[in-house]
Amino acid sequence: MEIASVSEKLGKFDVILCIDVIEHVLFPEKMLRLIRKHLLPGRGEAYIATLERDISRGVDSGRQGSPIKAHIREW
């Protein structure tokens, strides 16, 4: 099932949480547009969180890339 067909069945929400997901997404801009589409206009809020690599793995960890193959990118 495509996300577009599922998206059409969803409504609008006050709050959308996206926790530890964005680093697994190939095109995060598409995900962000989808989140925006489903927020209530003028009052909906989205919370997007991911690990801080410098804190979790060290400041120089970006030089080797992610050891987690499922992570497309990290911030």
Side-chain angles (χ1 to χ4, degrees):
M1 183 176 289
E2 278 186 33
I3 191 70
S5 61
V6 173
S7 174
E8 295 306 318
K9 297 175 184 177
L10 295 175
K12 303 279 185 178
F13 300 93
D14 291 316
V15 176
I16 295 176
L17 302 175
C18 183
I19 310 299
D20 291 339
V21 174
I22 197 167
E23 65 270 18
H24 300 275
V25 177
L26 186 57
F27 299 107
E29 63 279 2
K30 290 181 180 182
M31 183 189 77
L32 295 172
R33 281 195 297 270
L34 184 66
I35 289 171
R36 181 180 288 173
K37 176 181 176 180
H38 289 286
L39 287 172
L40 283 170
R43 68 177 211 213
E45 296 182 8
Y47 295 92
I48 300 168
T50 189
L51 288 174
E52 170 59 56
R53 180 174 50 197
D54 290 353
I55 293 172
S56 64
R57 293 203 200 111
V59 176
D60 292 328
S61 66
R63 293 184 182 157
Q64 295 107 14
S66 177
I68 303 169
K69 293 182 191 301
H71 287 183
I72 305 298
R73 64 185 49 78
E74 293 179 345
W75 287 271

Next on the checklist: Rounded to the nearest 0.5 Å, what separates atom CZ in Arg43 from atom NZ in Lys12?
Outcome noted: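 The distance works out to 12.0 Å.
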Checklist entry - To the nearest 0.5 Å, what is the distance between CG (Leu10) and CD1 (Ile16)? => result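 Here the interatomic distance stands at 8.5 Å.
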Checklist entry - At their closest point, which heavy atom of Ile19 faces which heavy atom of Tyr47, and how far apart are they? => result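 In this case the closest contact between Ile19 and Tyr47 is CD1-O, 4.3 Å.
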Checklist entry - Between Leu39 and Glu45, what is the shortest heavy-atom contact and its length? => result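 Smallest heavy-atom distance, with atoms named: CD2-O, 3.5 Å.
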Next on the checklist: Counting only heavy atoms from other residues, nucleotides and ligands, does the tally under 6.0 Å from NZ of Lys30 exceed 12?
Outcome noted: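 Counting neighbours around NZ of Lys30, 12 or fewer heavy atoms of other residues, nucleotides or ligands fall under 6.0 Å, so no.
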Checklist entry - Who passes side-chain contact (heavy atoms from CB on, under 4.5 Å) against Ile48, sequence neighbours left out? => result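 side-chain contact (heavy atoms from CB on, under 4.5 Å) check on Ile48 returns Cys18, Ile22, Leu32, Ile35.
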Checklist entry - With Glu8, which residues qualify under side-chain hydrogen bond (donor to acceptor under 3.5 Å, both in side chains), at least two apart? => result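 In terms of side-chain hydrogen bond (donor to acceptor under 3.5 Å, both in side chains), with neighbours along the sequence ignored, Glu8 is linked to Lys37.
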Item to check | Same apolar cluster (I L V M F W Y, side chains within < 4.5 Å links), Met31/Phe13 | outcome: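 Yes; tracing contacts between hydrophobic side chains, which count when under 4.5 Å, links both residues.
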